[in-house]
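Structure, as structure tokens:
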Amino acid sequence: CVRVNTWSVPGQSRAVVLLRGAAERGEVGHAWAFVGPAGVGQERAARALAAALNCPQGPDGVACGSCPTCDRCLRGVHPDYWEFFPVGPAHRVSEVRDRWLRAASRSSAQGGWKLLRVVDADRMNDAAANAFLKALEEPPPRTVWVLEVVDPDELPDTVLSRCRTVRFVSWGPAELDAEARRLGVADPDERALAVRASLGTPAALRRLAAPGGLADLRAHRDIPRRLREDGPGYALVAARQLDEEVKRRTAALKADGKTQLESLAGIYGGQAPRAVVKEVSDRQARREREARTTLVQAALDDLVAWYRDCLLVGAGGDPGSAINLDAAAALCADAAALGPAAALRAIDLVLALRDELELNLQQGLALEALFLRLSVLTRGA
């Protein structure tokens with residue numbers, strides 16, 4: 001077997017030292033809060049911790065990195081490793097009671113440790129947090145909760161205070177550049193743009209490094225100019241183009257969901273149980289909804305970065321320190337046309353919609369409304 005470094009978590013050396021030391025000393029405890037930007041290594045760290053706790057080959061708290069248990073933990077398919085994602089805009093109390101607490105109360109499938117990872121734990125509503133508090137107050141033996149938290153202020157103190165906190169940080173330029181190379185971004189200028197625009201987040205870098213990713217970024221940051229030159233009519237065009245981009249980006253996800261449904265018949269030797277089909281269909285619908293929201297929010301992040309660069313240039317700052325420094329001439333033109341007040345207002349409008357996308361609103365209409373308001377703001381300025 002090929003030995004794998006289970007604790008290979010780029011950019012998170014301090015978090016790794018803390019977690020690895022706790023596992024090796026047998027001081028893991030029952031709950032951890034991984035606090036920091038989303039998608040910077042929390043998943044890998046949680047799976048590495050599961051491997052360290054369950055590996056039958058190495059000493060206690062140490063993963064060998066080559067056995068089937070380590071492999072399943074690192075791939076997230078070990079029977080004692082669970083991952084819980086928000087259902088819609090928030091974690092619901094029904095999910096906490098019906099899935100989280102039941103998983104925690106079950107006996108270990110292989111007699112080891114159970115690790116339960118809650119993604120976006122700060123999106124628990126009050127009812128869900130109160131229901132979950134019982135699991136923290138009366139933890140089952142050999143059970144570890146890992147709560148991923150972007151904004152600690154959004155999680156009740158009663159929950160956070162019962163967790164041991166580990167800080168996760170944004171990736172530095174060196175780690176991002178290495179990852180961009182690994183993802184196949186060969187051109188140095190393109191790679192530099194992808195690194196700057198990712199703002200320290202590997203997930204954003206993967207989006208930009210994907211085929212067409214940087215072309216989409218350039219289309220997003222061209223929206224203010226088009227709104228100014230083409231008028232309100234372009235607002236509808238921009239919303240439609242963004243919708244087409246999302247459909248293109250989620251095509252593979254939809255195809256994967258269709259394949260999973262088609263494979264059920266083979267797994268069950270005929271007609272799959274209706275309950276199983278419904279569970280798989282619901283899970284796929286949630287994945288697609290989350291992906292659509294994430295992609296639109298990413299496009300809005302690109303737009304906010306452009307307006308912030310306009311503020312920088314408009315205030316007399318050096319365009320060379322802007323995120324979008326490769327488009328200095330366009331930045332200067334938009335900065336001059338907008339002015340600081342309009343640029344600030346534009347940022348507020350975009351960020352407001354970004355937050356509202358977590359609610360169950362119609363994305364297409366919301367984007368049209370945003371671009372219409374930006375058009376009025378731009379032309380007014």
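One is the number of the first residue; the rest follow in order along the sequence.
- V62 and V28 end up in different hydrophobic clusters when Ile, Leu, Val, Met, Phe, Trp and Tyr side chains are linked at under 4.5 Å.
- Inter-residue side-chain proximity for P37 and V150 is flagged as unmet; no heavy-atom pair is nearer than 4.5 Å.
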| task | Go through the steps to decide whether D326 and R218 satisfy the test side-chain contact (heavy atoms from CB on, under 4.5 Å), and finish with yes or no. | result | CA-CA 10 Å; D326 60 302; R218 292 186 171 99; 4.3 Å; yes

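- Counting Ile, Leu, Val, Met, Phe, Trp and Tyr side chains that sit under 4.5 Å apart, directly or through other members, L101 shares a hydrophobic cluster with V35, W82, F84, V96, W100, L116, V118, M124, F132, L133, L136, W145, L147, V149, L155, V159, L160.
- Side-chain N/O atoms of K114 and T143 include a donor and acceptor closer than 3.5 Å.
- Between I223 and L374, every side-chain heavy-atom pair lies at or beyond the 4.5 Å cut-off.
- Looking at every heavy atom in both residues, S105 comes nearest to R102 through OG-O, 3.0 Å.
- Here the shortest heavy-atom pairing between P319 and A328 reads CB-CB, 4.1 Å.
- Contacts classified as side chain to side chain donor-acceptor pair (under 3.5 Å) and involving residues 198-210 (residues at least two apart or in different chains) are given here: R207-D302.
- When all heavy atoms are compared, the tightest approach of C70 to A63 is SG-CB, 3.7 Å.
- In terms of hydrophobic clustering, with Ile, Leu, Val, Met, Phe, Trp and Tyr side chains grouped at heavy-atom distances under 4.5 Å, L367 and V350 are assigned to a common cluster.
- The backbone N or O of D126 sits less than 3.5 Å from a side-chain atom of N130, completing a donor-acceptor pair.
- Across A131 and R97, no two heavy atoms sit closer than the pair CB-NE, 4.1 Å.
- Side chains of V169 and V40 form no contact here, defined as non-hydrogen atoms less than 4.5 Å apart.
- Pairs of residues two or more places apart, or lying in two chains, that qualify as side chain to side chain donor-acceptor pair (under 3.5 Å) and include a residue from residues 11-23 are R20-E24.
- The CG atom of L311 lies 11.5 Å from the CG atom of D334; values are rounded to the nearest 0.5 Å.
- Within the structure, ring pair (Phe, Tyr, Trp, His ring centres under 6.0 Å) pairs that include any residue of residues 159-214 comprise F34-F168 (at least two apart or interchain).
- One finds the CG atom of L338 at 7.0 Å from the CG atom of L377 (value rounded to the nearest 0.5 Å).
- Within a 6.0 Å sphere centred on CZ of R274, other residues, nucleotides and ligands contribute 12 heavy atoms or fewer.
- Within the structure, ring pair (Phe, Tyr, Trp, His ring centres under 6.0 Å) contacts touching residues 200-256 (residues at least two apart or in different chains) do not occur.
- Separation of atoms NE2 (H30) and CD (E138) is listed at 11.0 Å; rounding is to 0.5 Å.
- By the criterion of side-chain heavy atoms lying less than 4.5 angstrom apart, applied directly or through intervening Ile, Leu, Val, Met, Phe, Trp or Tyr residues, W113 is grouped together with Y81 in one hydrophobic cluster.
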| said: Show, in sequence, the C-alpha distance, side-chain angles and deciding distance for K134 and E137, and conclude whether the salt bridge (charged side-chain N to carboxylate O under 4.0 Å, His left out) test is met. | reply: CA-CA 5 Å; K134 179 179 176 61; E137 292 174 336; over 6 Å; no

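- Of the possible polar contacts, one joining the T259 side chain to the A255 backbone as a donor-acceptor pair under 3.5 Å is found.
- L300 and L227 end up in the same hydrophobic cluster when Ile, Leu, Val, Met, Phe, Trp and Tyr side chains are linked at under 4.5 Å.
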| Can you list the steps and then say if E290 with R123 is a salt bridge (charged side-chain N to carboxylate O under 4.0 Å, His left out)? | CA-CA 14 Å; E290 286 283 326; R123 287 168 58 180; 3.6 Å; yes

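- One distance of note links CG of N54 with CG of L49; it measures 9.0 Å at 0.5 Å rounding.
- With hydrogens and angles ignored, the 3.5 Å screen pairs a side-chain donor or acceptor of Q297 with a backbone N or O of R354.
- Rounded to the nearest 0.5 angstrom, T378 OG1 and R373 CZ are separated by 12.5 Å.
- Using a 4.5 Å cut-off on side-chain heavy atoms (C-beta onward), W32 and L115 make no contact.
- The environment of CG in D60 is sparse: at most 12 heavy-atom neighbours from other residues, nucleotides or ligands sit within 6.0 Å.
- Taking a 6.0 Å sphere around CZ of R44, one finds it holds more than 12 heavy atoms contributed by other residues, nucleotides or ligands.
- V144 and V16 fall within the same hydrophobic cluster, where Ile, Leu, Val, Met, Phe, Trp and Tyr residues are linked whenever their side-chain heavy atoms come under 4.5 Å apart, directly or through other members.
- The shortest heavy-atom contact between R249 and A210 is NH1-CB, 3.6 Å.
- No donor-acceptor pair closer than 3.5 Å links the side chain of R221 to the backbone N or O of L217.
- Looking at P79 and Q110, their side chains come closer than 4.5 Å, going by heavy atoms from C-beta outward.
- A salt bridge links D177 and R191; the closest N-O separation between the charged side-chain nitrogens and carboxylate oxygens is under 4.0 Å.
- Annotation: the span from L357 atom CG to L295 atom CG amounts to 11.5 Å, rounded to 0.5 Å.
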| query | How far apart are the C-alpha atoms of R248 and E244, what are their side-chain angles, what is the distance that settles it, and do they pass the salt bridge (charged side-chain N to carboxylate O under 4.0 Å, His left out) test? | reply | CA-CA 6 Å; R248 167 169 52 81; E244 292 170 354; over 6 Å; no

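- Applying the side chain to side chain donor-acceptor pair (under 3.5 Å) test to pairs two or more places apart or on separate chains, those with a residue in residues 307-317 are D309-N324.
- A donor-acceptor distance shorter than 3.5 angstrom exists from the side chain of H91 to the backbone of V119, with no hydrogens or angles considered.
- The main-chain N or O of V146 is never found under 3.5 Å from a side-chain atom of R117 such that the two would form a donor-acceptor pair.
- Residues D80 and S108 bring a donor and an acceptor atom of their side chains to less than 3.5 Å of each other.
- In this structure, L199 and I323 have side chains that are in contact, with non-hydrogen atoms separated by less than 4.5 Å.
- Side-chain atoms of W306 and D301, non-hydrogen and from C-beta on, never get closer than 4.5 Å to each other.
- E368 places none of its side-chain heavy atoms less than 4.5 Å from the side chain of Q362.
- R142 and G111 make their closest contact through NH2-O, 4.0 Å (heavy atoms, listed as atom of the first residue, atom of the second, distance).
- Atom CG of D187 is surrounded by more than 12 heavy atoms from other residues, nucleotides or ligands within 6.0 Å.
- With salt bridges taken as basic N to acidic carboxylate O contacts below 4.0 Å, one links D71 and R75.
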